[in-house]
Structures are given as structure tokens and as C-alpha cells.
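Numbers restart at 1 for each chain; the letters A, B, ... are given by sequence-line order, proteins then strands.
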Protein chains: 2
Amino acid sequence: MNPEDRREAIIAATLAVMQRQGIAATTVRDVAAELGASSGLIHHYMASMDELIAEAFGRAAGADLLATRALVEQGQNPLEQLRFFFDSYTRSDGDSGMQLWLDAWAEAARRPELRQISQLLNQEWQQLICGIIEGGVRAGVMNCTDPAAAAWRILSLLDGLHLQEVAHGDSVTGHQVTKWSRHGAEIELGLDPGTLTNSSQGNPLARA
Amino acid sequence: MNPEDRREAIIAATLAVMQRQGIAATTVRDVAAELGASSGLIHHYMASMDELIAEAFGRAAGADLLATRALVEQGQNPLEQLRFFFDSYTRSDGDSGMQLWLDAWAEAARRPELRQISQLLNQEWQQLICGIIEGGVRAGVMNCTDPAAAAWRILSLLDGLHLQEVAHGDSVTGHQVTKWSRHGAEIELGLDPGTLTNSSQGNPLARA
DNA sequence: GTGATTATTGGACATTTGCGCAATAGCGTC
DNA sequence: GACGCTATTGCGCAAATGTCCAATAATCAC
């Protein structure tokens with residue numbers, strides 16, 4: 001098998017195991033079994049377990065970011081971009097993606113390579129939001145004196161709400177995450193209530 | 001040693017290890033060493049590692065909640081109560097308490113006993129905030145149509161910002177968490193900017 | 001075909017983990 | 001002072017884990 005493809009296959013298998021068992025419980029042997037290969041092969045391509053985990057997490061989380069960014073760029077104006085952002089963000093972690101983030105944040109303290117990629121990706125998420133806000137302020141449709149801080153707040157609010165949903169199940173429901181996070185952003189940016197809801201209109205990815 | 005005291009001592013030692021190393025990296029032997037006793041003793045008092053961890057986490061997190069609640073109750077009016085809340089909340093996890101919460105949220109998916117206590121405590125945190133807001137609305141000093149949702153937003157915003165600080169270190173600083181979370185609450189509740197800052201005035205726990 | 005290079009195997013190794021258990025020490029009771 | 005109960009010890013066990021390595025299989029250049 002082509003070394004490059006093999007490496008990709010290992011990362012894909014690692015990701016599958018991570019989503020099933022969580023980052024902390026992902027072992028080399030499990031990855032090997034998922035791949036249908038021996039454990040030694042994994043170390044032939046990866047220097048350490050940390051690298052393997054960081055790589056797999058970065059691949060998955062990076063794909064989500066890319067997808068959201070691509071959708072946002074299709075927005076015709078800042079308001080539509082923000083709507084698309086919420087559509088895509090709430091979709092990207094519907095299954096087990098958010099549990100992965102929870103694991104990553106907790107494990108970051110003990111896995112340097114994972115912390116690095118996690119921090120980088122979070123900053124890029126914040127910058128994506130920040131760019132939308134700056135555009136909205138420039139266009140005069142959003143009211144915000146500190147876009148960077150507002151972007152961190154919107155991102156943190158989303159993460160904090162999702163966290164409750166994923167960790168505890170029925171304290172906060174997925175529907176409430178959607179509703180409350182959008183409402184929080186409306187308040188934050190001085191938008192009329194409801195501006196960010198009913199967002200599927202005009203969304204190229206919306207289901208029919 | 002009195003069995004009840006011994007049990008408390010074990011929980012205290014477990015907590016110390018947990019705060020130093022994180023929940024996932026806490027082992028029976030470490031707890032025994034911290035306690036200055038043998039590993040067998042821990043199992044004489046605790047049925048399993050899960051029980052030990054859930055007990056210790058619940059004790060620590062519960063104490064933080066109690067302390068904050070006690071301080072809030074000393075506030076003379078809703079605004080002061082909210083100020084005291086932010087003072088106490090940002091203090092309670094200054095050291096390593098927040099890493100504990102990160103571990104707990106991540107581990108909740110796989111440790112039922114831990115999830116139960118974590119969910120309960122989070123709901124109580126939310127209710128504490130919700131009570132303050134309801135008082136503020138009644139007194140006419142806060143503007144909020146859905147106190148329960150606003151409370152979840154304020155709590156989630158705090159958690160999300162703290163999360164960035166603890167997991168990534170220099171993306172978001174402790175000072176920014178303090179500033180941004182209070183500003184977020186001001187926006188959320190229709191307060192004048194700055195209402196929630198300079199909160200140490202009149203705070204009985206403020207350092208001189 | 002032959003040799004060299006490399007992908008791949010499968011298991012050894014040292015370490016760590018939760019847990020159990022037989023032995024011991026301590027202490028109160030009669 | 002002897003007995004009994006229990007707190008406490010310290011080690012052992014089985015399982016799991018990351019890492020490494022010698023042996024093997026596959027592939028390709030010549």
C-alpha cells in the first residue's frame with residue numbers, strides 16, 4: 001500500500017476509534033484492530049501516540065472548520081454569513097464531534113501536541129467569527145465596539161452550551177443550544193430578535 | 001483513626017491529587033502516597049475508583065458552589081449579588097478547579113456517577129444565577145424576558161471562556177475572562193457598561 | 001532471477017493500573 | 001491478660017498500555 005495512503009488510513013482508523021471510545025481511551029491496539037493491521041505498523045508511521053491522536057483530531061476538527069468557512073464565504077452579506085455560520089456550526093458536531101472537543105480540551109493539559117492543534121483551531125474559529133463581525137460593522141448592520149472580544153464571547157457561548165448538551169444530555173437540549181446561542185449573538189451585536197433564526201432560507205446546504 | 005474521619009481524609013487526599021494531576025491521571029497509589037497510607041486502605045473504604053473520584057469531585061465542586069452562594073446571599077440587592085457572583089466564581093477556579101471541571105465534563109460520558117453529580121451541580125449553578133436575575137427583574141434593575149435561558153447563557157459564557165484560558169493558556173487570559181464575561185452579562189441583562197466591574201467595593205471577601 | 005529496500009508482522013518488555021487477600025497491628029471489652 | 005473485632009498493611013495478580021525490535025513478506029531495480 002502506498003505510504004501516503006497508508007498514513008491516511010491510519011489516521012482515519014484512529015479517528016473512528018476516537019469517536020467511538022473517546023480520546024483518553026484510544027489505544028494503539030484498538031487502532032490496529034480497526035485498521036485490520038498489526039500494532040507495530042502504526043509506530044512505523046507515527047512517532048508516538050501523542051502525534052497520532054493530535055493528527056487524527058486535527059484532521060477531523062480541521063475538516064469541520066473548513067466546511068463551515070466554505071459555507072460562510074457563500075453568504076452574500078454579513079448577516080447571511082452569520083446565519084450560515086450558525087447553521088454549519090450546529091450541524092458539524094451533531095454526532096460525536098463535540099465529545100471529541102471536550103476530550104481534547106481536557107487532554108490538552110497532558111498532551112502538548114494536542115494542545116497546540118486545539119489552540120490553533122480555536123483561534124481560527126474565533127477569527128472566522130471576528131471577520132464576519134468586522135464586515136457587519138463596516139456595512140453598518142451590526143453594532144460592536146470590540147469584534148475580537150465579541151467573537152470570543154459568541155464562540156465561548158456556543159461551546160459552553162454545547163458542553164452542557166453533550167456532557168449531561170437533558171439539562172440543555174440541542175434545540176435550546178440553537179435558539180439560545182443565536183439569541184445571544186443577536187443581543188451581542190445589537191440585532192433585532194429573530195434576525196438569526198429561520199436561517200435555512202437561502203442556505204445552499206439546507207435540506208429540502 | 002475514626003472511620004468517618006478516615007473517609008474524609010481519603011476524599012481530601014484524592015482531591016489534592018486530582019487538582020494536581022487531573023481526574024484522568026489520578027491513581028489509587030497516588031492517593032495512598034498523598035495520604036501517607038497503603039493502597040489497600042483506600043479500597044477498604046471505597047468500593048471502586050469511580051466512586052472515589054465522583055465523591056471527591058462532588059465534594060470540591062460542591063464546596064465552591066456553597067461558597068459562592070453564601071457570598072451572593074450577602075448582597076444587599078440584585079446588582080450587588082451579581083457582582084459578588086462574578087467575584088466568587090472567578091475566584092473559585094483560579095488555581096486548578098477549572099481543569100477539574102474540564103475533566104469531569106469529558107469523563108461524564110463514560111462515568112455515570114460522575115455525570116450525575118456534574119449535571120446536578122451545573123443545574124444548581126444555573127439556578128443560582130437565575131434567582132439573581134429574577135430578583136433583578138422584579139426590582140426593575142435588570143431587563144430580561146427569559147431568566148432561565150439568560151442564566152444558562154451567562155454560565156455557559158463563563159465556562160466557555162474559562163475553558164479557553166485553562167486549556168490553551170495564552171489564547172484568552174484570566175483578565176479577559178473576567179472582563180468579557182461581565183460585559184457579556186451587562187449586555188444580556190440590559191445593564192449600563194461597567195455596572196459589574198469595580199465589584200470589589202463593598203465585597204466582604206475582597207482583599208485589602 | 002537476484003539483491004536491496006521497505007512495508008509489515010507479531011510478540012517481547014517494562015511499566016502501570018485497579019483490585020483482592022492473607023497477615024499484622026491496634027484497641028476496646030470482659 | 002486474653003480475646004475479638006477491625007483498621008491497616010504490603011504484596012501479589014491479571015490485565016492493559018506505549019514502545020521497541022528482530023523476523024518476514026512484498027516490491028522493485030538491475
Side-chain angles (χ1 to χ4, degrees), chain A residues 1-57 103-104 106-117, chain B residues 1-57 103-104 106-115:
Chain A
M1 194 174 191
N2 182 350
E4 199 163 332
D5 293 349
R6 172 62 61 170
R7 203 183 143 89
E8 288 305 310
I10 290 177
I11 292 175
T14 306
L15 185 55
V17 175
M18 272 174 34
Q19 285 175 332
R20 191 188 327 129
Q21 310 179 351
I23 291 182
T26 296
T27 73
V28 179
R29 283 165 180 81
D30 290 336
V31 174
E34 174 79 24
L35 191 64
S38 71
S39 71
L41 187 62
I42 276 85
H43 277 92
H44 187 70
Y45 286 90
M46 300 286 172
S48 71
M49 193 66 195
D50 265 31
E51 178 188 341
L52 179 59
I53 285 175
E55 199 87 22
F57 173 77
D103 289 345
E107 288 280 311
R110 290 173 281 277
R111 304 184 114 111
E113 310 192 36
L114 182 60
R115 170 170 55 226
Q116 194 182 351
I117 184 68
Chain B
M1 193 173 191
N2 183 347
E4 199 164 331
D5 292 348
R6 172 61 66 178
R7 202 182 144 90
E8 287 305 310
I10 291 177
I11 293 176
T14 306
L15 185 55
V17 175
M18 273 174 34
Q19 285 174 332
R20 192 188 326 131
Q21 310 179 350
I23 290 182
T26 295
T27 74
V28 180
R29 282 164 179 79
D30 291 336
V31 174
E34 174 78 23
L35 191 63
S38 70
S39 73
L41 187 62
I42 275 83
H43 278 94
H44 187 70
Y45 286 90
M46 299 285 173
S48 72
M49 195 65 194
D50 266 31
E51 178 188 342
L52 179 59
I53 285 176
E55 199 88 22
F57 173 77
D103 289 343
E107 292 277 314
R110 289 172 283 277
R111 300 183 119 111
E113 312 190 35
L114 186 60
R115 170 170 55 226

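When the P atom of C/dT16 is taken as reference, atom CD of B/Q21 falls 13 Å away, rounded to whole Å. Note: CZ (B/R6) to C1' (D/dA7) measures 8 Å, nearest angstrom. In this structure, CE of A/M46 is placed 14 Å from P of D/dG18, rounded to the nearest angstrom. For the pair A/L35 CG and C/dA7 P, the interatomic distance rounds to 15 Å; values are reported in whole Å. Here C/dA7 presents its P atom at 13 Å from CD of A/E4, a figure rounded to the nearest Å. The CG-C1' distance, from A/L41 to D/dA26, rounds to 13 Å in whole Å. The distance between atom CG of A/L52 and atom P of D/dC20, rounded to the nearest whole Å, is 14 Å. The distance from atom CG of A/D5 to atom P of C/dA7 is 13 Å, rounded to the nearest whole Å.
Taking every side-chain heavy atom of B/Y45 into account, D/dT8 is the closest of C/dT8, D/dT8, C/dG18. You'll find that the side chain of B/R29 is closest to D/dG12, out of D/dG12, D/dG18, C/dG10. Listed candidates were C/dG18, C/dT8, D/dT8. Nearest to the side chain of B/S38 is D/dT8. Taking every side-chain heavy atom of B/H43 into account, C/dC19 is the closest of C/dT8, D/dT8, C/dC19. When each of C/dT8, C/dG18, D/dG18 is scored by its nearest atom to the side-chain atoms of A/H44, the top-ranked nucleotide is C/dT8.
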Inset, instruction - Kindly indicate, with the supporting measurements, whether the criterion side-chain contact (heavy atoms from CB on, under 4.5 Å) is fulfilled by A/R6 and A/L41. - result: CA-CA 10 Å; A/R6 172 62 61 170; A/L41 187 62; 3.5 Å; yes
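Using a 4.5 Å heavy-atom cutoff, the side chains of A/H43 and A/L52 are not in contact.
Backbone-only contact: B/S48 has heavy atoms under 4.0 Å from sugar-phosphate atoms and none from a base.
Across all their heavy atoms, A/I11 and A/E55 have their closest contact at CD1-CG, 3.4 Å. Among all heavy-atom pairs drawn from A/D50 and A/E113, the shortest one is CB-OE2, 3.9 Å.
Salt bridge absent: A/R111 and A/D103 never bring a charged side-chain N and a carboxylate O closer than 4.0 Å.
Place B/D30 and A/S39 on DNA chain C by their nearest nucleotides, and A/S39 ends up nearer the 5' end.
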